[in-house]
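Read through the structure below, which is laid out as structure tokens, and then see the notes.
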Protein chains: 2
Amino acid sequence: MATIQEVAQKAGVSVATISRYLNNPAIVAKETREKVEQAIKTLNYEPSMLGRNLRKSESRLLIVLLPSISNPFYTEVINGIEDTAIEKGYNILLCQTDSKPEREEIYFNMMKNRLADGIISMDPTVDRAKLIEIAKNFPLVQCSEYDEEGIITYVTIDNELAAYHAVKHLIKIGHKKIAMINSGEKFLYARERKQGYLRALNESGIPFNPDWIFTTDNLEFDAGRQAMKSLLGKSEIPTAVFAVSDILAIGALKEINLKGLAVPDDIALVGFDKISFSNMTQPTLTTISQPMYQMGSMSVHMLINKINGKHTESIILDHELVIREST
Amino acid sequence: MATIQEVAQKAGVSVATISRYLNNPAIVAKETREKVEQAIKTLNYEPSMLGRNLRKSESRLLIVLLPSISNPFYTEVINGIEDTAIEKGYNILLCQTDSKPEREEIYFNMMKNRLADGIISMDPTVDRAKLIEIAKNFPLVQCSEYDEEGIITYVTIDNELAAYHAVKHLIKIGHKKIAMINSGEKFLYARERKQGYLRALNESGIPFNPDWIFTTDNLEFDAGRQAMKSLLGKSEIPTAVFAVSDILAIGALKEINLKGLAVPDDIALVGFDKISFSNMTQPTLTTISQPMYQMGSMSVHMLINKINGKHTESIILDHELVIREST
DNA sequence: AATACATGTGTAATCGATTACAAATCATCA
DNA sequence: TGATGATTTGTAATCGATTACACATGTATT
């Protein structure tokens, strides 16, 4: 691998000239430029990012923290992140924490070690205190999550309103017995969506039945099944279910089918996230669509602003209710 | 951010001593060590990877090339890659090509620019000639794909045998009219799986009906639906279908359901890959399980061997037929 | 006491780029 | 013609670490 020194020698100019050519070809004289181009071509030279990065003290790498890549909700967000990052000359390091603090630690250290220029955190389970500590010293934005105290810049949707819309839709098509499959209330979004659910019921004068709210301890398919199993075992069975994630809804759907009941005739079902699989089930799933690509794209813009020392405001984006066969 | 120089000054020793402490604390005297530890702590020092990387001319980053992260087949492979890489002190750069050559180019350049130490390619659509060219000059292994000429080191399964097993299973449970939903034969694995399908039929004396082989132009859900629609429109309708990917199979399942037919009673269905969603459908999908985690893990071991200049042999791993409700 | 060897530390070169500053060249114009 | 300013290039310091080599000290051996 040729270095800039060798190119300089071959072209009969100094390394400074080569560097100038690399960074702004226009400022080197036409004649010199041709010699440099010639030398680069014959030596098959490619500049080393290692040298450049050290000198500029930047890595042009962004860390994206997420619990797990297998959750399809994130894939579309990642597309937004990746496209925007590449457009801005950055690359992304996709980091799965599996909600394990020691994994988190590794990635926070990469930041401290200057192997990354900033962090986009999409992990709801990350330790809040540590995150705030990091955010004080390094560029960091939260995507689809946020900190109630508003110390950390974020981009997200209005979870309360989205849940409200979902439940309102169920009420509008005639349901009164509406259950909710929620994830642990340690998550802010879970608390907010529950508020939206309650507000919709309340507004329509439907009494709240605590029997019909089921809290799962994870977001997997099986948790959805268990939740539905429990709901189907209640003395009074709901006619509609709002699940806070599509995967949970798909688990519920499976359980409903197993019990010989039909969606939407016996039980209507609304999910959340509009993952691609929500369109592949039988029946297809009514769900809340988040502007995932846009969220990803925005968070990169915000992060790069932070890296460049500019101030950035948090943003709340719009969601959309997608009505399909399950309601 | 403190540098090694400042730490050295604070501790009253030379930078060499700090560096030695960082890389092998045992070789610095106990007394000095304590001074160094003290200085590091009070300055809150974290060594810069930029400096280290330049000096060692390595980045400790591995590029993982894949068509799209949204294909769940890859997520488990990635887990294997990530765990093993971290264990070996490397990090991974997940790179989606979307099968676009210009995206590929970006990532190959990162390699040339020394921003990555090696590449694991899982992209079947990547330009072969270019891949071989890269493999000649840089550490590269192929995972789940391979080059027929055997120039590039790879880890994969025996696709012909896996398809053979899948079709044999259908024959064993009484099917004679067996269709295949295949992806384009530009992919080596598609050609191989077709061979396995033909061998199984042939061995059981079942004549091959060209009407029953459908070639899709992509691997998406809708392609599966279209394929099944076509098969259901034939003059003679098959009683079993072998699809070369679970997503295609799930698309087919949707179409079968829409036509009011039942799986497995009217039509039996076998997929390929054992993605997590294959267990969430109604009915669950019989499929071929590839050792995805192991494939990922192996490919990292092989790549690191290559990076360290050691010779490495290609490997073919075992698959497994997972029989579930759809057959 | 002389020698050999192990242990611990410092000096300074090095990795491959960028860039401030100085210097050389050239054209322009009074 | 000489001053002025623009354009182009070179010199050398720099980013933050690692490491070969040299040197000083302590310990063991005869």
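Within every chain, numbering begins at 1; the chains are lettered A, B, ... in the order of the sequence lines, protein sequences first and strands thereafter.
Atom pair N24(B):CG and dT18(D):C1' shows a separation of 13 Å (rounding to whole Å applied). At whole-Å resolution of the value, CD in Q9(B) and P in dG16(D) are 14 Å apart. Atom CD in Q5(B) sits roughly 13 Å away from atom C1' in dT11(C) (whole-Å rounding). Taking atom NZ of K35(A) as the reference point, atom P of dG10(D) lies 8 Å away to the nearest angstrom.
For the pair L93(B) and L62(B), the minimum side-chain heavy-atom distance is 4.5 Å or more.
Remark: R52(A) is not in phosphate contact with dG16(C), judged by side-chain N or O atoms under 4.0 Å from OP1 or OP2. Residue T17(A) places at least one side-chain N or O under 4.0 Å from the OP1 or OP2 atom of dG10(D). Close to dT19(D), at under 4.0 Å from its OP1 or OP2, lies no side-chain N or O of S19(B). Taking side-chain N and O atoms only, N53(A) has no distance below 4.0 Å to OP1 or OP2 of dC15(D). In terms of phosphate contacts, Y45(A) brings a side-chain nitrogen or oxygen within less than 4.0 Å of OP1 or OP2 of dA17(C). For S48(B), no side-chain nitrogen or oxygen approaches OP1 or OP2 of dG16(D) to under 4.0 Å.
Using a 4.0 Å heavy-atom cutoff across all strands shown, L50(A) reaches no nucleic acid atom at all. Using a 4.0 Å heavy-atom criterion, one finds that A16(A) contacts the bases of the nucleic acid, with or without backbone contacts as well.
When the nucleotides dA12(C), dA17(D), dA20(D) are ranked by their closest atom to the side chain of R20(B), dA20(D) comes out on top. With dG10(D), dA17(C), dT18(D) as the choices, the nucleotide that has an atom nearest any side-chain atom of R55(A) turns out to be dA17(C). Among the nucleotides dA17(D), dG16(C), dT18(C), the one closest to the side chain of V15(A) is dT18(C). When distances run from any side-chain atom of K56(B) to the nucleotides dA13(D), dA17(D), dT19(D), the shortest one goes to dT19(D).
No side-chain donor from either of E82(B) and N91(B) sits under 3.5 Å from a side-chain acceptor of the other. At a cut-off of 3.5 Å, with distance as the only test, no side-chain donor of S144(A) or Y154(A) sits close to an acceptor on the other residue.
Between K41(A) and E37(A), none of the side-chain N atoms (NZ, or NE/NH1/NH2) sits under 4.0 Å from a carboxylate O, so this pair counts as no salt bridge. R128(B) and D147(B) are joined by a salt bridge, as a carboxylate oxygen and a charged side-chain nitrogen come within less than 4.0 angstrom of each other.
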